[in-house]
Amino acid sequence: MIQPPNGRTLVNFETNFYTEQGEFTRAVTLLGQRVELRIWPASFGWRYGDGESERTTSPGAAYPDLEVTHTYLRKGRVSPSVDTTYAAEFRVGGGPWRDVAGTVTIPGTPQQLRVVEARPVLVGG
């Protein structure tokens with residue numbers, strides 16, 4: 001998600017980013033045993049589309065929290081995205097939870113964003 005919405009932001013303005021990716025669980029049966037999985041986002045790789053990027057453990061938040069922001073310095077079109085890296089743990093037959101070795105990164109779909117300049121205009125009243 002990008003704020004301000006509607007695919008436009010301003011040069012020299014803190015543009016807010018967040019994702020709503022969260023924890024989820026799955027249960028499957030393997031070889032007659034119930035296997036439960038807990039999967040959660042461990043980190044986020046933000047690519048802002050202007051050559052800048054950063055990695056956070058925060059998914060960001062909607063306004064007014066502004067946890068993940070980026071300031072564009074030039075006008076133009078950019079395609080920001082976020083890659084989510086997931087970690088997991090599992091248990092078999094209701095036993096103890098165990099870590100799954102490694103993580104999986106799912107690339108995010110680039111969003112279209114137009115960075116524009118604001119020009120002040122005096123109007124008579």
Side-chain angles (χ1 to χ4, degrees):
M1 304 295 293
I2 304 170
Q3 293 175 317
N6 302 323
R8 286 177 39 151
T9 191
L10 295 172
V11 171
N12 296 321
F13 178 78
E14 280 193 342
T15 303
N16 188 44
F17 293 86
Y18 68 98
T19 181
E20 296 175 335
Q21 303 297 332
E23 182 175 322
F24 59 96
T25 59
R26 294 288 185 268
V28 296
T29 301
L30 293 174
L31 303 172
Q33 294 287 323
R34 179 180 170 86
V35 178
E36 295 174 82
L37 296 162
R38 283 197 295 214
I39 304 162
W40 64 91
S43 66
F44 303 89
W46 304 92
R47 291 178 288 148
Y48 298 111
D50 62 353
E52 297 293 322
S53 63
E54 72 176 303
R55 180 160 293 281
T56 68
T57 56
S58 170
Y63 180 84
D65 293 333
L66 303 178
E67 292 179 15
V68 177
T69 64
H70 180 68
T71 302
Y72 291 96
L73 302 178
R74 288 184 293 286
K75 67 180 182 175
R77 295 185 183 276
V78 293
S79 299
S81 64
V82 60
D83 299 337
T84 306
T85 299
Y86 290 93
E89 57 187 7
F90 73 97
R91 70 178 176 183
V92 178
W97 288 99
R98 299 174 190 221
D99 290 335
V100 171
T103 58
V104 172
T105 300
I106 306 297
T109 302
Q111 303 297 306
Q112 297 305 308
L113 183 63
R114 188 169 164 218
V115 182
V116 298
E117 289 181 332
R119 292 196 174 111
V121 176
L122 292 175
V123 287

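- Under a 4.5 Å side-chain heavy-atom cut-off, the cluster of Ile, Leu, Val, Met, Phe, Trp and Tyr residues that includes Y86 is completed by F24, V28, L30, V35, L37, I39, F90, V92, V100, V104, I106.
- The salt bridge (Lys or Arg N to Asp or Glu O under 4.0 Å) contacts involving residues 18-29 comprise nothing, where partners must be two or more places apart or lie in separate chains.
- In this structure, L31 shares a hydrophobic cluster with no other residue, the cluster being traced through Ile, Leu, Val, Met, Phe, Trp and Tyr side chains under 4.5 angstrom apart.
- Residues forming a ring-ring contact (aromatic ring centres under 6.0 Å, His included) with Y48 (at least two apart in sequence, or on another chain): F17, H70.
- Take F13 and apply the side chain to side chain contact (heavy atoms under 4.5 Å, CB included) test, not counting sequence neighbours, and it matches P4, T9, L10, T15.
- Screening residues 3-12 for salt bridge (Lys or Arg N to Asp or Glu O under 4.0 Å), with sequence neighbours left out, gives no hits.
- Few gaps surround CZ on R55; more than 12 heavy atoms of other groups in view lie less than 6.0 Å from it.
- Taking a 4.5 Å side-chain heavy-atom cut-off between Ile, Leu, Val, Met, Phe, Trp and Tyr, the cluster of W40 contains only that residue.
- Note on residues 86-102: pairs passing salt bridge (Lys or Arg N to Asp or Glu O under 4.0 Å), not counting sequence neighbours, are E36-R91, R38-E89.
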Atom pairs and distances, side-chain donor-acceptor, residues 109-122, under 3.5 Å, sequence neighbours left out:
residue: Q111; atom: NE2; partner: T109; partner atom: O; Å: 3.1
residue: Q112; atom: NE2; partner: S79; partner atom: OG; Å: 3.3

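- P80 is not listed as a side-chain neighbour of W46, based on a closest heavy-atom distance of 4.5 Å or more.
- Annotation: side chain to side chain contact (heavy atoms under 4.5 Å, CB included) contacts of T103 (sequence neighbours excluded): T85, A87.
- Cluster partners of L66, by chain and number: Y63. The rule joins Ile, Leu, Val, Met, Phe, Trp and Tyr whenever side-chain heavy atoms lie under 4.5 Å apart.
- F44 approaches T57 most closely through the heavy-atom pair CE1-O, 3.7 Å.
- Under the side chain to side chain donor-acceptor pair (under 3.5 Å) criterion, D83 pairs with R47, sequence neighbours left out.
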